[in-house]
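Read the structure below first, then the notes.
This structure is a prediction, so every number in the text was calculated from the model and none was measured.
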Amino acid sequence: MSNKYTLNVNSTINSGQSFLWEKRDNSWYGIYEESILKITEYETNGEKIYEYDSFPKIENWHQHVFRLDDKYELIMNEISRKDMIVDSVTKKYPGLRIMRQKPIQCIISFLCSSNNNIPRIRLILRNLSKKFGKKVEWDGNVFYTFPSLRTLYTTSVPDLLLCGLGYRAEFVIKTVKEIVKQETDMVKLAEMNYDNAKQEILKLSGVGDKIADCILLFSLNKLEAFPIDTWIIKFFQKKWKQILDEDMIIKEKITPNQYRVLSKKIREHYGRYSGYAQQYLYYSIREEYGRKW
DNA sequence: CGCCAGGGATCTT
DNA sequence: AAGATCCATGGC
């Protein structure tokens, strides 16, 4: 990295977008479907340098996974101009990135996220990998890859209950069947526009507005997707009531209709890179209110 | 014990 | 069409 502020691996990995990362011996290891990714951080003369490796070897995987092809400075400038809060958090946490995940792993991950907390999401996904992934020994460590769609297709609800999915087990089974049956082309979804891709992804069992936006943002290149979760709602209620209509009374949870109204307003406000604004807001909220992971 | 966690499906009005 | 309720599970 020529500029240390263009990527901060620690904040990016710890921003609740990708769950199967683990730090061992000063290196981060991440499960990227069938592959293991490795990042080692060095500090020379007070400057951070990252070294990237993987098994099997993938040339320059970090360019793709950390979206280093995005015009980061332009994006930061564009979303910072929209309001003071985003302006301040982009400068407070420089280098926070959106990651580009594998769609299937991303879909399963966020199916497990509903009404759940991050430590438990991670635990469930680790359990799934250990039970149904392939064992890989590399770099003096043991890893389990993320189960393939075909392997998940052969599992059952009781299998998944053993991994701790709870009532989400049925969603995963149904969604996997739907994807296999329709042979939903993830490449095609990535090429569709936001609205059309969202309409398709919403058909999957267990995928509502919020999870759909996470899948679109984190694995299908839809940078205008702005996932609205409980933390973001708390933030709006506390610090930015203007964006909520006077007549929009939000109780504990947001209704699908309210989600769509709010989502549209937010995307009109932040524009084509709303997803980056969301990730910064989410991260700063969690830092401020205290994360539990 | 109750409440909450990067919600969504289903039933009820 | 909009609310209310239920859904497993574990940490606090």
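- Look at CZ on R168(A): it is 11 Å from C1' on dG8(B), rounded to the nearest Å.
- One can place CH2 of W231(A) at 6 Å from P of dA5(B), the figure rounded to the nearest angstrom.
- Counting to the nearest Å, the P atom of dA9(B) and the CD1 atom of I211(A) are 8 Å from each other.
- Across all strands shown, F218(A) has heavy atoms under 4.0 Å from base atoms, whether or not it also approaches the sugar-phosphate.
- Here the nucleotide nearest the side chain of K253(A), chosen from dA1(C), dC6(C), dT10(B), is dC6(C).
- At a threshold of 4.0 Å, the pair K134(A)-E34(A) counts as salt-bridged, since one of the basic side-chain nitrogens sits closer than that to a carboxylate oxygen.
- Taking atom C1' on both nucleotides, dG11(C) is separated from dG8(B) by 23 Å, rounded to a whole Å.
- One interatomic measurement links the two molecules: CG of L161(A) to P of dT9(C), which rounds to 6 Å at whole-angstrom precision.
- Mapping V207(A) and I121(A) onto DNA chain B via the closest heavy atom, the residue that lands nearer the 5' end is I121(A).
- Whole-Å rounding puts the I215(A) CD1 to dG7(B) P distance at 13 Å.
- One cannot find a donor-acceptor pair under 3.5 Å joining the base of dG7(B) and the side-chain atoms of K210(A).
- Side chain of N117(A), nearest nucleotide from dC6(C), dA1(C), dA5(B): dA5(B).
- Checking E287(A), Q279(A), R97(A) one by one against S15(A), the side chain to side chain donor-acceptor pair (under 3.5 Å) holds for a single residue, Q279(A).
- Rounded to whole angstrom, the span from the CG atom of L202(A) across to the P atom of dG7(B) amounts to 16 Å.
- Side-chain atoms of Y259(A) and D213(A) form a donor-acceptor pair, as typed in the model, at a separation below 3.5 Å.
- In summary, the aromatic rings of Y283(A) and Y93(A) are positioned with their centroids under 6.0 Å apart.
- Residue-level contact check: E170(A) touches neither bases nor backbone, having no heavy atom under 4.0 Å from any strand.
- As rounded to the nearest Å, dC6(C) and dG2(B) have P atoms that lie 14 Å from one another.
- For dG7(B), the OP1/OP2 oxygens have no side-chain nitrogen or oxygen of S113(A) closer than 4.0 Å.
- If you take atom C1' in dG3(C) and the same atom in dA5(B), they sit 22 Å apart, rounded to whole Å.
- The cationic atom of R168(A) (NZ for Lys, CZ for Arg) does not lie both less than 6.0 Å from the six-membered ring centre of F171(A) and within 45° of the ring axis.
- Applying the 4.0 Å criterion to OP1 and OP2 of dA5(B), one finds that K234(A) has a side-chain N or O inside that range.
- Counting to the nearest Å, the P atom of dC6(C) and the CZ atom of F171(A) are 16 Å from each other.
- Rounded to an integer number of Å, the gap from R120(A) CZ to dC7(C) C1' is 12 Å.
- Judged by atom type and distance alone, Y259(A) does not reach the base of dG8(B) through any side-chain donor-acceptor pair under 3.5 Å.
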